[in-house]
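Keep in mind that this is a model prediction, so the values were computed, not measured.
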Amino acid sequence: MGEQQQVQFPQEVIDEYAALGVDLPALFSAGHLGTRMGVQILEASAEKVVGTMPVEGNTQPYGLLHGGASAVLAETLGSVGSMLHGGSSKIAVGVDLNCTHHRGVRSGLVTGVATPVHRGRSTATYEIVISDEQGRRVCSARLTCLLRDVNESDAARVQGTRP
């Protein structure tokens, strides 16, 4: 899937998490599932999250990009935006994901862009547009995350002291 790219974070986010000893790229990554699917986060802020995913390896039996793969990309990008909106004292948990698939893709790379629809104290909703390499919309998605307080167990996992 190529070499890893460095995610671009706003400086205030880098400073906030560095003070807590948190590895930002690990925290705001695609996770194990996203890594297996080749998801790469390119840019991340509460205002906009951009990521890519290869079509190859993420297809259904007809050779088209699997709708579930688009859902993984959408939920990953929306969750990262929600976490950045919530800040270091909150954790984002997806509670609703809606995806509409507009066209099939057989090869190349798809790019998702997540932008906020609503950013509140307890929930955040992001619209995610996934496009092919020609800029054609492949999928429109909407993710709502619950923003809950970080507890000791969450903090330990983030800092790598618990599995």
Side-chain angles (χ1 to χ4, degrees), residues 1 3-54 57-58 65-101 110-131 138-163:
M1 307 280 151
E3 67 183 56
Q4 287 282 4
Q5 293 186 342
Q6 185 67 26
V7 181
Q8 296 177 356
F9 291 102
Q11 189 61 47
E12 64 271 11
V13 172
I14 293 170
D15 295 343
E16 178 182 357
Y17 285 89
L20 300 171
V22 174
D23 177 9
L24 269 179
L27 180 61
F28 295 112
S29 72
H32 295 293
L33 176 60
T35 298
R36 282 195 302 271
M37 297 180 71
V39 173
Q40 300 253 328
I41 308 291
L42 306 178
E43 177 185 337
S45 72
E47 291 76 32
K48 180 178 171 183
V49 182
V50 180
T52 61
M53 182 180 66
N58 294 314
L65 177 65
H66 196 290
S70 293
V72 167
L73 178 59
E75 184 149 0
T76 298
L77 300 178
S79 293
V80 168
S82 295
M83 288 284 290
L84 290 168
H85 164 65
S88 60
S89 66
K90 298 284 187 180
I91 188 168
V93 180
V95 295
D96 182 63
L97 175 65
N98 174 280
C99 298
T100 301
H101 307 288
V110 291
T111 300
V113 178
T115 54
V117 173
H118 166 77
R119 291 186 293 171
R121 286 178 289 144
S122 60
T123 63
T125 300
Y126 279 75
E127 176 185 43
I128 305 94
V129 174
I130 300 173
S131 304
V138 172
C139 176
S140 298
R142 186 190 67 245
L143 174 70
T144 298
C145 288
L146 172 69
L147 301 174
R148 68 168 177 78
D149 292 334
V150 172
N151 61 40
E152 283 184 34
S153 175
D154 299 325
R157 282 186 179 92
V158 167
Q159 294 174 348
T161 58
R162 288 192 54 184

Could you report the tightest heavy-atom contact between [X] and [Y], atom names first, then the distance?
| X | Y | value |
| --- | --- | --- |
| Thr123 | Thr144 | CB-CG2, 4.4 Å |
| Ala114 | Gly78 | CB-N, 4.1 Å |
| Val80 | Ala44 | CG1-CB, 4.0 Å |
| Gly38 | Pro54 | O-CD, 3.3 Å |
| Ser70 | Cys139 | CB-SG, 4.1 Å |

Test side chain to side chain contact (heavy atoms under 4.5 Å, CB included) on Met83 and Ile91; report intermediate values, then the result.
CA-CA 6 Å; Met83 288 284 290; Ile91 188 168; 4.0 Å; yes
Between His85 (side chain only) and Gly120 (backbone N and O only), is there a donor and an acceptor less than 3.5 Å apart?
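Yes; judged by distance alone, with no hydrogens or angles, the pair exists.
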A side-chain contact here means heavy atoms from C-beta on lying under 4.5 Å apart; do [X] and [Y] qualify?
| X | Y | result |
| --- | --- | --- |
| Val39 | Met53 | yes |
| Ser45 | Val13 | no |
| Thr76 | Ile41 | yes |

If you look only at pairs with a residue in residues 71-91, which of them pass as a salt bridge (Lys or Arg N to Asp or Glu O under 4.0 Å), with sequence neighbours excluded?
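Listed by first then second residue: Lys90-Asp149.
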Salt bridge (Lys or Arg N to Asp or Glu O under 4.0 Å) partners of residues 41-50, not counting sequence neighbours, each pair once
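The answer is Glu47-Arg119.
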Asn58 and side chain to side chain contact (heavy atoms under 4.5 Å, CB included): which partner among Leu73, Val72, Leu65?
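Of the listed residues Leu73, Val72, Leu65, the side chain to side chain contact (heavy atoms under 4.5 Å, CB included) partner of Asn58 is Leu65.
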Testing Ile128, Asp96, Thr100 one by one against Arg142 for a side chain to side chain contact (heavy atoms under 4.5 Å, CB included), which residue passes?
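When Ile128, Asp96, Thr100 are each tested with Arg142, the side chain to side chain contact (heavy atoms under 4.5 Å, CB included) holds only for Asp96.
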List for me each residue that meets side chain to side chain contact (heavy atoms under 4.5 Å, CB included) alongside Leu146, sequence neighbours excluded, and say none if there are none.
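Expected list: Val95.
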For Ser131, enumerate each residue passing the side-chain hydrogen bond (donor to acceptor under 3.5 Å, both in side chains) test, keeping only those at least two apart in sequence or located in another chain.
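In terms of side-chain hydrogen bond (donor to acceptor under 3.5 Å, both in side chains), with neighbours along the sequence ignored, Ser131 is linked to no residue.
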Please enumerate all residues that pass side-chain hydrogen bond (donor to acceptor under 3.5 Å, both in side chains) together with Thr111, with sequence neighbours excluded.
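With sequence neighbours excluded, Thr111 shows a side-chain hydrogen bond (donor to acceptor under 3.5 Å, both in side chains) to no residue whatsoever.
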Between CG on residue Asn98 and OG1 on residue Thr125, distance to nearest 0.5 Å
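Atom-to-atom, Asn98:CG and Thr125:OG1 are 11.5 Å apart.
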Restricting to salt bridge (Lys or Arg N to Asp or Glu O under 4.0 Å), what partner residues turn up for Glu127, sequence neighbours left out?
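Partners of Glu127 by the salt bridge (Lys or Arg N to Asp or Glu O under 4.0 Å) criterion come out as none, since no residue qualifies.
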